[in-house]
S.K.: 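After the structure tokens below, expect a handful of questions from me.
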Amino acid sequence: MNKVKTIFSFPKNIHQKLTNSSKRSKEAVRNIALSLTAKGVSILSSLLVVPLTIHYVNSTRYGIWLTLSSVISWIAFFDLGLTNGFRNKFAEARTNGDTLLARKYLSTTYFVMGAIVVFLYAALFIANLFVNWSSILHVDQSYAIELRDVFAILSAFFCLNMVFSTFSMMLTADQKIGFSSLIQGLGQLLSLVAIYILTRVSKGSLLHLATYYAGVPCLVMLAASVVGFTATRYRALRPGRKFVDLSLVRQIFSLGLQFFVIYICLLLIFQIMNVVITRELGPVAATQYNIAYKYFHVLYMVMLIIISPFWSAFTDAYTQQDFEWMRSIMRKLEKGWLLCVGAALLMLLISPFFYKIWIGDESVDMSLALSASVMIFILSQILGATYMQMINGVGYVRIQLITYIAFALISLPLMIGSCRLFGVVGIVVIPSIVYLCQALLGRIQLSKIISRTASGIWCK
């Protein structure tokens with residue numbers, strides 16, 4: 001009788017375990033599924049928009065467009081880490097059930113971000129009056145006026161999007177990163193539709209391209225924010241002037257500034273890589289590296305979708321002192337990385353055949369050694385990012401900060417030396433070492449946090 005009872009209760013026990021481990025874990029699974037869908041739409045849109053855009057404005061203008069838009073994309077980093085600091089503080093308040101504090105964090109972040117954007121756009125507007133973009137980009141002077149107008153339009157929409165994207169970051173902080181990804185994916189899809197319509201009803205114009213390509217996603221985010229704060233459960237968190245509390249700014253920035261420095265260091269390391277390869281080995285070597293990087297980077301993108309929801313989930317778990325769940329997730333994500341190793345080796349094995357299909361037999365010569373080194377780089381990046389996402393949720397990022405600053409200071413001479421000795425393979429070793437060091441330190445730090453033995457720099 002007991003055996004029969006045990007057999008029939010087994011499915012019930014499984015269900016209870018899933019339900020109990022559930023609210024946080026199931027939320028993460030839903031977010032991963034939604035993010036994968038949204039990322040698929042984004043990738044498809046980005047692939048389709050390239051030929052459309054080239055056809056619309058011609059290859060020369062398209063190259064100018066890519067360069068100028070990449071320069072302006074740096075504007076996003078002038079939030080000084082505000083949104084990342086907000087993400088953790090908002091998640092903590094929501095976990096503690098303090099809706100009023102969460103609303104104050106949200107309203108204050110909107111206010112401060114708005115102030116930053118006003119000063120930032122004023123500076124960009126003034127600079128645009130004096131900068132000769134044709135000379136900077138080394139293109140014909142006939143583009144000068146057009147480029148000035150394009151810069152004004154792009155910088156305006158990028159600045160506005162910095163404010164509107166606070167809603168997206170709020171969703172992420174509230175463990176709704178899947179919905180955040182869907183909004184962004186919808187923006188890119190509608191942008192693609194707008195550009196397709198442009199190709200049918202107007203002649204090629206960089207100004208029109210800038211307006212619709214940057215403007216449509218911005219308007220989608222604004223619309224989502226309005227709907228979210230008026231017709232969903234987030235109505236209770238709707239930002240307002242009376243909820244702005246400037247005493248909270250220091251709390252948000254104290255963590256946010258550390259994130260800002262970390263991201264700047266990472267950008268410096270990766271920008272230096274491309275510059276060193278081009279200067280030391282020429283543009284062909286840079287092309288070879290970027291082809292291999294884009295190929296293996298697909299694996300990183302997939303894994304990032306999986307690990308991203310656990311940033312805010314770890315904030316929630318740490319606030320509730322749910323260390324067992326944190327330990328369980330850490331082990332599962334480590335097993336996920338081992339699966340990535342297997343997938344990466346398979347990608348390496350088929351890479352020669354893939355390159356032939358993708359870029360042709362005679363376009364660029366791709367060595368197996370380069371592909372293997374980039375594969376190791378991506379795997380180390382995934383491992384480092386896995387621990388980083390979990391630790392970022394806890395908010396103890398001082399070790400990351402010190403590690404990345406140290407490598408940012410010494411990366412240039414290391415990259416030049418290794419590049420001259422071993423070529424492209426040598427330069428890829430440096431960022432691999434950076435991420436492996438971060439992964440090792442992250443593993444130690446996270447173990448100390450979960451076992452409640454972290455002290456000193458390990459809990460700062």
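Position 1 is the first residue of the sequence; numbering continues from there. Keep in mind that what you see is a predicted model, and the values were worked out from it rather than measured.
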S.K.: With distance as the sole test, does Ser411 use its side chain to make a donor-acceptor pair with the main-chain N or O of Ala408 at under 3.5 Å?
M.R.: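 Present.
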S.K.: Looking only at heavy atoms, what is the nearest atom pair of Ser373 and Val428, with distance?
M.R.: O-CG1, 3.4 Å
S.K.: Mind running side-chain contact (heavy atoms from CB on, under 4.5 Å) on Phe151 and Leu124 for me, showing each step along the way?
M.R.: CA-CA 9 Å; Phe151 182 87; Leu124 291 170; 4.0 Å; yes
S.K.: How are the rings of Phe229 and Phe167 set relative to one another: parallel (under 30°), tilted (30 to 60°) or perpendicular (over 60°)?
M.R.: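 Taking Phe167 first and then Phe229, their aromatic rings stand perpendicular (interplane angle over 60°).
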S.K.: Heavy atoms, side chains only, cut-off 4.5 Å: are Thr109 and Phe90 in contact?
M.R.: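 They are not in side-chain contact.
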S.K.: Report the distance from atom OG1 of Thr315 to atom CZ of Arg94, rounding to the nearest 0.5 Å.
M.R.: 13.5 Å
S.K.: We want to know whether Thr95 and Tyr318 form a side-chain donor-acceptor pair, criterion being a heavy-atom distance below 3.5 angstrom.
M.R.: no
S.K.: Taking atom types as modelled, find out whether Tyr105 and Gln251 have a side-chain donor-acceptor pair closer than 3.5 angstrom.
M.R.: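 Per modelled atom types, Tyr105 and Gln251 side chains form a pair under 3.5 Å.
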S.K.: Mind checking whether Tyr289 and Tyr293 have ring centres under 6.0 Å apart?
M.R.: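 Ring-ring flag for Tyr289/Tyr293: true, centres closer than 6.0 Å.
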S.K.: What closest approach, in Å, do Asp98 and Leu101 show between heavy atoms, and which atom pair accounts for it?
M.R.: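 Shortest heavy-atom separation between Asp98 and Leu101 comes out as OD1-N, 3.1 Å.
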S.K.: How long is the span from the CG atom in Leu346 to the CE atom in Met375, to the nearest 0.5 Å?
M.R.: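 The CG atom of Leu346 sits 11.5 Å away from the CE atom of Met375.
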S.K.: Tell me whether the rings of Phe314 and Phe310 are parallel (<30°), tilted (30 to 60°) or perpendicular (>60°).
M.R.: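 Judged by the thresholds at 30° and 60°, the geometry between Phe314 and Phe310 is perpendicular.
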S.K.: Does Phe164 have more than 12 heavy atoms from other residues, nucleotides or ligands lying within 6.0 Å of its CZ?
M.R.: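 Atom CZ in Phe164 is packed in, count exceeds 12.
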S.K.: Quick one: pull up CE in Met301 and CD1 in Ile378 and give me the separation to the nearest 0.5 Å.
M.R.: 11.0 Å
S.K.: Could you go step by step and tell me if Met221 and Asn161 meet the side-chain contact (heavy atoms from CB on, under 4.5 Å) rule?
M.R.: CA-CA 8 Å; Met221 188 60 71; Asn161 201 51; 4.0 Å; yes
S.K.: Is the distance from the ring center of Phe354 to that of Tyr295 below 6.0 Å?
M.R.: yes
S.K.: Is a donor on one side and an acceptor on the other found under 3.5 Å between the side chain of Asn88 and the backbone of Asn392?
M.R.: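 Yes; judged by distance alone, with no hydrogens or angles, the pair exists.
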S.K.: Counting only heavy atoms not in Arg235, do more than 12 sit closer than 6.0 Å to its CZ atom?
M.R.: no
S.K.: Ignoring hydrogens and angles, state whether a donor on the side chain of Ser168 or Gln184 is under 3.5 Å from an acceptor on the partner side chain.
M.R.: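 Per modelled atom types, Ser168 and Gln184 side chains form a pair under 3.5 Å.
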S.K.: For Met303 and Trp337, work out which heavy atoms get closest and say how close.
M.R.: CE-N, 4.1 Å
S.K.: Within the 4.5 Å heavy-atom criterion, are Leu368 and Leu348 side-chain neighbours or not?
M.R.: yes
S.K.: Specify the closest pair of heavy atoms between Cys159 and Val117, including all atoms of both residues, with the distance to one decimal.
M.R.: O-CG2, 3.4 Å
S.K.: Decide yes or no for Leu436 and Ser380: does some side-chain heavy atom of the first lie under 4.5 Å from some side-chain heavy atom of the second?
M.R.: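 Yes, at least one pair of side-chain atoms sits under 4.5 Å.
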S.K.: Does a donor on one side chain sit under 3.5 Å from an acceptor on the other, for Arg443 and Ser447?
M.R.: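 Checked: Arg443/Ser447 side chains pair up, N/O donor to acceptor below 3.5 Å.
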S.K.: Who are the ring-ring contact (aromatic ring centres under 6.0 Å, His included) partners of Tyr387, not counting sequence neighbours?
M.R.: none
S.K.: Can you name the nearest heavy-atom pair linking Ile183 to Ala224, along with the distance?
M.R.: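 Taking Ile183 first and Ala224 second, the nearest heavy atoms are CD1-CB, 3.7 Å.
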S.K.: Met170 and Phe86: side-chain contact (heavy atoms from CB on, under 4.5 Å), yes or no, with the steps?
M.R.: CA-CA 8 Å; Met170 181 203 69; Phe86 158 74; 4.1 Å; yes
S.K.: Hey, could you give me the CD1/CD1 distance between Ile416 and Ile430, rounded to the nearest 0.5 Å?
M.R.: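 The CD1 atom of Ile430 is 11.0 Å from CD1 of Ile416, to the nearest 0.5 Å.
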S.K.: How long is the span from the CD1 atom in Ile376 to the OG atom in Ser432, to the nearest 0.5 Å?
M.R.: 7.0 Å
S.K.: Kindly compute the distance separating CG (Leu409) from SG (Cys265), expressed to the nearest 0.5 Å.
M.R.: 7.5 Å
S.K.: Sequence neighbours excluded, which residues qualify as ring-ring contact (aromatic ring centres under 6.0 Å, His included) partners of Tyr435?
M.R.: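 For Tyr435, no residue satisfies ring-ring contact (aromatic ring centres under 6.0 Å, His included) once neighbours in sequence are set aside.
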S.K.: Do NZ/NE/NH1/NH2 and the carboxylate oxygens of Glu324 and Arg327 come within less than 4.0 Å?
M.R.: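 Yes, Glu324 and Arg327 are salt-bridged.
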S.K.: Near Phe323 CZ, under 6.0 Å, is it more than 12 heavy atoms from other residues, nucleotides or ligands?
M.R.: yes
S.K.: State, yes or no, whether a side-chain contact exists between Leu248 and Asp245 at a heavy-atom distance under 4.5 Å.
M.R.: yes
S.K.: Mind checking side-chain contact (heavy atoms from CB on, under 4.5 Å) for Leu349 and listing every partner two or more places apart, or none if nothing turns up?
M.R.: none
S.K.: Would you say Cys340 and Tyr300 make side-chain contact, with heavy atoms under 4.5 Å?
M.R.: no
S.K.: Within the structure provided, determine whether Phe407 and Cys437 are in side-chain contact (heavy-atom separation under 4.5 Å).
M.R.: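 Sidechains of Cys437 and Phe407: in contact.
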S.K.: Using side-chain heavy atoms (C-beta onward) and a distance below 4.5 Å, is Phe243 in contact with Thr108?
M.R.: no
S.K.: Under the criterion side-chain contact (heavy atoms from CB on, under 4.5 Å), I'd like the reasoning laid out for Met390 against Thr386: C-alpha separation, chi angles, the key distance, then a yes or no.
M.R.: CA-CA 7 Å; Met390 292 184 280; Thr386 299; 3.9 Å; yes
S.K.: Salt bridge or not for Asp174 and Arg87, using N-O below 4.0 Å?
M.R.: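 No.
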S.K.: I need the minimum non-hydrogen distance between Ser191 and Val216, along with the two atoms involved.
M.R.: N-CG1, 3.6 Å
